[in-house]
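This report concerns only the one structure given below.
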Amino acid sequence: MPGRGALCLGLLLPVLLGCGSAQPGGCPALCECSEPAKTVKCVNRNLTAVPPDLPPYVRSLFITGNPLTDLPAGAFPAQRLPDLASLNLSGNHLRTVEAGSLSLPALRQLDLSGNALVSFSPQAFGEGSSPLEELALRGALRDHGVLLSLAALLQSGALRNLSRLELADNGLLLLPAGMFTALPALRQLDLSNNSLVGLRNVSFQGLGQLQSLNLSDNSLGVLWNSTLAQFRSLPALRHIVLGHNTWVCDCAIEDLVAWLKESDQVEGKEALTCASPDKMLGKALLKINGSDLNCSTPTDLPSQLQTSYVFLGIVLALIGAIFLLVLYLNRKGIKKWMHNIRDACRDHMEGYHYRYEINADPRLTNLSSNSDV
């Protein structure tokens with residue numbers, strides 16, 4: 001019996017030792033792994049770097065709630081992690097995402113939400129096109145430089161396979177021009193809970209697959225005709241959310257109200273209300289009519305200007321004709337007045353000439369002095 005006990009202990013000892021450290025193809029010590037589910041979770045483990053010994057079978061990786069500050073190049077080796085498709089790095093302390101740090105051949109979903117990013121390399125996904133389909137950056141774009149880097153990344157076409165983009169909770173006031181023009185596969189765009197004041201410089205052209213656009217909880221006061229025309233031109237766009245914005249119900253909102261009444265693209269449009277002016281506060285946009293806004297009927301500006309110019313020409317011509325008539329009726333008096341002015345000027349000039357001759361000739365000067373005595 002003692003021999004059999006020693007044998008069992010000898011067989012179990014390597015197994016017990018193996019559980020305390022990561023083995024090739026095993027699980028990092030501070031993480032939880034499930035090989036059948038192809039999942040690794042390193043949640044709230046006080047990690048300061050990505051574990052270098054992640055198992056190659058992993059498809060879904062969660063590294064969240066850690067004091068992780070930097071993603072260097074090669075943080076996730078493509079050769080070791082060929083099947084990694086879903087990567088959740090939310091809620092860490094990430095500040096820097098370096099070039100080549102996310103160059104993974106199978107990556108489809110990436111969540112960087114809740115990180116105070118200050119540097120995001122446009123080459124983070126490596127050279128060429130990435131297979132990434134979903135990107136979440138909720139609360140990660142507070143730094144304007146990071147927003148510009150993201151815009152450059154999107155405009156480069158490296159994420160042309162992207163179908164879902166989440167940019168909520170970032171305090172955005174304006175978006176870089178042309179930010180979404182190189183995303184032909186985009187279906188869902190979330191811009192909610194920002195501080196957007198307008199969309200005039202935002203182009204939605206080329207987003208033929210866009211189905212859902214969330215613009216709720218912003219500071220939009222009006223949507224101009226150029227933006228509404230883009231919405232009408234997107235055949236797949238059927239879910240636009242505009243709730244909780246600061247709509248200014250003056251004459252400029254007429255086009256938006258008309259579009260809301262005819263469009264079936266806006267969810268919950270019955271709940272949209274005016275935020276200003278005071279007399280319109282709380283009034284439903286769908287119930288606004290022309291008399292509420294007290295807008296005068298617009299006149300065609302070129303015609304109006306043409307009419308004004310014609311009227312001004314007539315007035316000037318009339319004034320000129322009256323002036324000429326007055327001159328004609330008083331031609332004799334004017335002629336006499338002109339002669340009198342000529343004679344006065346001539347006498348005045350003769351006096352100046354006489355004085356000049358006296359001053360120029362010393363003899364005349366002495367003569368003038370003696371005569372005065």
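To the nearest 0.5 Å, atoms CG (Leu141) and CG (Asn170) are separated by 4.0 Å. Taking CG of Leu318 as the reference point, atom CZ of Phe323 lies at 14.0 Å (rounded to 0.5 Å). To the nearest 0.5 Å, atoms SG (Cys251) and CG (Asp292) are separated by 11.0 Å. From Leu94, atom CG reaches atom CG of Asp70 across 8.0 Å, with rounding to the nearest 0.5 Å. Once rounded to the nearest 0.5 Å, the distance linking OG1 of Thr273 with CG of Leu286 reads 11.0 Å. Here the straight-line distance linking atom CG of Leu87 with atom CZ of Arg59 works out to 15.5 Å at 0.5 Å rounding.
Atom CZ of Arg142 has more than 12 heavy atoms from other residues, nucleotides or ligands within 6.0 Å.
A donor-acceptor pair under 3.5 Å is formed between the side chain of Asn218 and the backbone N or O of Leu191. In this structure, the side chain of Asp111 engages the main chain of Ser113 through a donor-acceptor pair within 3.5 Å. Between the Thr96 side chain and the Glu98 main chain, no donor and acceptor come within less than 3.5 Å of each other. Here the side chain of His239 pairs no donor or acceptor atom with the backbone of Leu213 at under 3.5 angstrom. Under a 3.5 Å cut-off, the side chain of Arg80 and the backbone N or O of Leu54 do form a donor-acceptor pair. For Lys269 (side chain) and Ser263 (main-chain N/O), a donor-acceptor pair under 3.5 Å exists by modelled atom type. For Glu35 (side chain) and Tyr57 (main-chain N/O), no donor-acceptor pair under 3.5 Å exists by modelled atom type. Judged by distance alone, the side chain of Arg95 and the main-chain N or O of His93 form no donor-acceptor pair under 3.5 Å. The closest donor-acceptor contact from the side chain of Asn92 to the backbone of Asn115 lies at 3.5 Å or more, if one exists at all. The closest donor-acceptor contact from the side chain of Asn66 to the backbone of Asn46 lies under 3.5 Å.
Under a hydrophobic-cluster definition in which Ile, Leu, Val, Met, Phe, Trp and Tyr are linked whenever side-chain heavy atoms come within less than 4.5 Å, directly or via other members, Met280 and Leu272 are assigned to the same cluster. Linking ILVMFWY side-chain heavy atoms closer than 4.5 Å, directly or via other members, places Leu220 and Trp224 in a single hydrophobic cluster. Cluster membership check: Ile288 shares its hydrophobic cluster with Leu228, using side-chain heavy-atom separations under 4.5 Å among Ile, Leu, Val, Met, Phe, Trp and Tyr. Cluster annotation: Leu183 is not connected to Leu148 through the hydrophobic network of ILVMFWY side chains, with a link wherever side-chain heavy atoms come within less than 4.5 Å.
Contact of the Leu199 side chain with the Leu215 side chain is registered, since non-hydrogen atoms from C-beta on lie closer than 4.5 Å. Counting heavy atoms from C-beta outward, Leu223 and Trp247 have side chains that approach closer than 4.5 Å. Phe62 has its side chain within reach of Thr39: a pair of non-hydrogen atoms, C-beta onward, lies under 4.5 Å apart. The closest side-chain heavy-atom distance from Tyr328 to Leu324 is not below 4.5 Å. Contact check for Leu132 versus Leu102: no side-chain heavy atoms found under the 4.5 Å cut-off. Annotation: side chain of Val202 is in contact with side chain of Phe180 (closest heavy-atom distance under 4.5 Å). Put simply, the side chain of Asn161 reaches to within 4.5 Å of the side chain of Ser129, judged on heavy atoms. For the pair Leu174/Val197, a side-chain contact is recorded, criterion being any heavy-atom separation below 4.5 Å from C-beta on.
Under the 4.5 angstrom side-chain criterion for Ile, Leu, Val, Met, Phe, Trp and Tyr, the cluster partners of Leu316 are Leu312.
A salt bridge links Arg138 to Asp190: one of the charged nitrogens lies within less than 4.0 Å of a carboxylate oxygen.
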